[in-house]
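Comments concern the structure below.
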Number of protein chains: 2
Amino acid sequence: MTLSPETIADTALREIDAHGVNGLSIRAVARRLAVDHKSLYNHVDGKDGLLDAVAGRILSTIALPAPTGDLDADIRAFAHAFRAHALRHPQAAALVLTRPVTSPSGLVPIDAALAVLMTAGFSPAQAVHVLRLLMALLVGAILREADSALTLATGDHDEAARRAAQLSTLGLPALSAAAAHISMIDDEAEFDFTVAAALEAIRTIPRS
Amino acid sequence: MTLSPETIADTALREIDAHGVNGLSIRAVARRLAVDHKSLYNHVDGKDGLLDAVAGRILSTIALPAPTGDLDADIRAFAHAFRAHALRHPQAAALVLTRPVTSPSGLVPIDAALAVLMTAGFSPAQAVHVLRLLMALLVGAILREADSALTLATGDHDEAARRAAQLSTLGLPALSAAAAHISMIDDEAEFDFTVAAALEAIRTIPRS
DNA sequence: ACCTGAACACCGTTCAAGT
DNA sequence: ACCTGAACACCGTTCAAGT
């Protein structure tokens with residue numbers, strides 16, 4: 001297998017899947033490729049360039065469904081495709097969602113989303129604002145989900161009960177009242193609720 | 001100055017402000033404190049524990065305005081206080097916004113927010129969902145702003161024009177049409193728009 | 001309870017010399 | 001254009017010995 005930015009990025013991604021972003025090292029990637037670690041510098045711009053390459057690779061491999069013309073349905077489909085793709089590599093999610101989009105291939109999904117919004121009657125300026133709103137919401141929601149392994153909430157009932165009990169001991173009244181609910185989470189349902197709220201907000205924006 | 005988790009976290013935060021999260025090292029913090037680096041292990045649980053401590057310290061020093069009873073005004077005030085506080089340390093924003101909240105002091109703002117929502121008529125379960133929605137939106141919006149130094153958009157008109165011209169060369173029609181708007185951003189206005197959308201969505205949620 | 005030498009296994013990166 | 005020794009300045013962490 002010859003060395004290329006793509007193979008290097010893919011190998012780095014597998015390393016991230018296995019050991020997390022913090023476990024990623026240039027030398028470990030090189031070991032995986034059975035190559036001298038300094039060789040990577042001929043194809044990638046240092047460690048930061050490697051991380052950019054990984055983020056770009058993930059972003060460019062997202063598969064967006066074709067627009068139907070129904071704004072709500074299209075946004076919903078976009079949101080779910082984005083989420084599903086990001087969560088395929090939860091360890092790398094923060095990377096993709098946090099790094100600025102620079103590569104041309106990463107701009108393709110953005111173009112597609114803007115097209116949907118403009119077709120629905122939003123001006124270019126409005127479409128940009130709505131897209132920023134939508135992306136902020138998706139990034140926030142998916143990010144929480146990605147490291148939900150470490151969060152207050154869990155999907156397990158017994159564990160949730162245990163955490164709720166602990167939360168109630170802190171003397172914070174509102175938190176105590178909601179402890180049972182804040183300790184339990186159904187990720188799918190939560191995401192649907194989030195997207196529905198976004199649709200509601202977008203619906204009320206006047207179009208010109 | 002004697003060594004404590006708080007002084008260590010504060011010093012680490014200054015180091016992050018100066019050199020970014022990636023520039024943070026246990027040894028550099030120790031140097032700043034004029035202390036042997038291994039001493040830190042007596043007060044903090046390794047580098048990961050140090051990062052947790054920094055995030056907790058920031059979260060626990062947020063100053064929330066007193067609720068007025070007007071839901072929209074209170075949410076708006078909460079959102080702006082949260083944003084202002086997070087952006088005081090843009091280099092550390094990802095840390096605070098990404099790490100799960102564990103420390104009791106970090107739960108105080110959560111309790112306050114839940115109280116506001118429940119006072120407005122939301123059930124505990126609803127309040128939790130609404131808070132998760134709001135937090136996702138704030139996290140996504142603030143995160144983009146925090147590393148907007150590196151993003152497509154800029155606040156400078158000339159620079160924006162330059163980027164817009166470049167975006168238009170990619171052959172992506174919707175992106176080209178919106179290039180001028182996607183290259184320019186007014187962070188304040190964008191955040192207001194985002195919060196207004198959140199209020200709109202929250203308004204339509206039936207309360208019980 | 002806290003400090004600190006010694007020591008270990010790891011890093012990222014540059015550069016000059018090779019092919 | 002790509003590879004790779006040699007080398008550098010840096011890491012995080014453990015542990016045993018000290019106070």
Side-chain angles (χ1 to χ4, degrees), chain A residues 1-58 91-92 94-96 98-100 102-103 147 150, chain B residues 1-58 91-92 94-96 98-100 102-103 147 150:
Chain A
M1 183 200 314
T2 172
L3 231 42
S4 78
E6 287 77 19
T7 56
I8 294 175
D10 286 340
T11 307
L13 182 52
R14 292 218 300 283
E15 183 72 14
I16 290 173
D17 285 339
H19 301 99
V21 186
N22 283 353
L24 181 75
S25 75
I26 291 232
R27 289 165 114 115
V29 173
R31 275 193 295 272
R32 230 177 232 267
L33 287 163
V35 147
D36 187 284
H37 69 273
K38 292 178 260 65
S39 294
L40 301 192
Y41 286 84
N42 289 307
H43 304 95
V44 141
D45 189 15
K47 188 172 184 179
D48 232 58
L50 177 57
L51 292 175
D52 279 335
V54 172
R57 191 104 176 104
I58 294 179
Q91 299 264 40
L95 215 61
V96 193
T98 277
R99 300 236 149 189
T102 56
S103 70
D147 45 37
L150 321 157
Chain B
M1 186 200 312
T2 173
L3 232 40
S4 79
E6 287 77 20
T7 56
I8 293 175
D10 286 340
T11 307
L13 183 52
R14 292 218 300 284
E15 183 73 15
I16 290 173
D17 286 339
H19 301 100
V21 185
N22 283 353
L24 180 76
S25 75
I26 291 229
R27 290 165 112 115
V29 173
R31 274 192 296 271
R32 230 178 232 268
L33 287 164
V35 148
D36 186 284
H37 69 273
K38 292 177 259 66
S39 294
L40 302 192
Y41 286 84
N42 289 308
H43 304 95
V44 142
D45 188 15
K47 188 172 184 179
D48 231 58
L50 176 57
L51 292 175
D52 279 336
V54 171
R57 190 103 178 104
I58 294 180
Q91 299 264 40
L95 215 60
V96 193
T98 276
R99 302 235 149 190
T102 56
S103 69
D147 46 36
L150 322 157

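From a predicted model like this one, the values you see are computed outputs, not experimental measurements. Residue numbers begin at 1 in each chain, while the letters A, B, ... track the order of the sequences.
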Straight-line distance of B:Lys38 NZ to B:Arg27 CZ, nearest 0.5 Å: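 Result: 8.0 Å between the selected atoms.
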Rounded distance (nearest 0.5 Å) linking atom CZ of A:Arg32 with atom CD of A:Glu15: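 Rounded to the nearest 0.5 Å, the CZ-CD separation comes to 4.5 Å.
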Pairing string, 5' to 3', for DNA chain C - Watson-Crick or wobble contacts under 3.5 Å, brackets [ ] where pairs cross, | to another strand: ||.|||||...|||||.||
May I have the distance from [X] (atom [atom1]) to [N] (atom [atom2]), rounded to whole angstrom?
X: A:Asp36; N: D:dA7; atom1: CG; atom2: P; value: 15 Å
X: A:Ile8; N: C:dG12; atom1: CD1; atom2: C1'; value: 15 Å
X: A:Tyr41; N: D:dG5; atom1: OH; atom2: P; value: 16 Å
X: B:Ile26; N: D:dG12; atom1: CD1; atom2: C1'; value: 7 Å
X: A:Leu40; N: C:dC11; atom1: CG; atom2: C1'; value: 14 Å
X: A:Asp48; N: C:dG12; atom1: CG; atom2: P; value: 12 Å
X: A:Asp45; N: C:dG12; atom1: CG; atom2: P; value: 14 Å
X: A:Asn22; N: D:dT13; atom1: CG; atom2: P; value: 11 Å

Identify which nucleotide among [options] has an atom closest to any side-chain atom of [X], counting heavy atoms from C-beta outward.
X: A:Ser39; options: C:dT13, D:dC3, C:dA6; result: D:dC3
X: A:His43; options: D:dG12, D:dC3, C:dC3; result: D:dC3
X: A:Lys38; options: D:dC2, C:dT4, C:dC15; result: C:dC15
X: B:Asn42; options: C:dC11, D:dT13, C:dC3; result: C:dC3
X: B:His37; options: D:dC11, C:dT4, D:dT13; result: D:dT13

Check [X] against [Y] and note the closest heavy-atom contact, atom names and distance.
X: A:Val35; Y: A:Ser39; value: CG1-CB, 3.7 Å
X: A:Ser103; Y: A:Gly56; value: OG-CA, 4.4 Å
X: B:Gln91; Y: B:Val21; value: O-CG2, 3.0 Å
X: A:Ile26; Y: A:Leu40; value: O-CD1, 3.6 Å
X: B:Leu24; Y: B:Lys47; value: O-NZ, 3.1 Å
X: B:Ala12; Y: B:Leu50; value: CB-CD1, 3.9 Å

Phosphate OP1/OP2 of C:dC10: any A:Arg31 side-chain N/O under 4.0 Å: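 Answer no for this pair, as no side-chain N or O of A:Arg31 is under 4.0 Å from OP1 or OP2.
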Contact under 4.0 Å: A:Lys47 side-chain N or O vs C:dG12 OP1/OP2: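 Looking at the OP1 and OP2 atoms of C:dG12, one of them is under 4.0 Å from a side-chain N or O of A:Lys47.
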Whether over 12 other heavy atoms sit under 6.0 Å from A:Asn42 CG: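 More than 12 heavy atoms, drawn from other residues, nucleotides or ligands, come within 6.0 Å of this atom.
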Beyond-backbone contact of B:Leu13 with B:Arg57, side-chain heavy atoms, under 4.5 angstrom: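 The answer is no, as the side chains (C-beta and beyond) never meet within the 4.5 Å cut-off.
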Along DNA chain D (nearest heavy atom to each residue), the more 5'-positioned of A:Val35 and A:Arg27: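 Its nearest nucleotide being more 5', the pick is A:Val35.
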Please list, for nucleotides 16-19 of chain D, all pairs of protein and nucleotide N/O atoms separated by less than 3.5 Å.
none

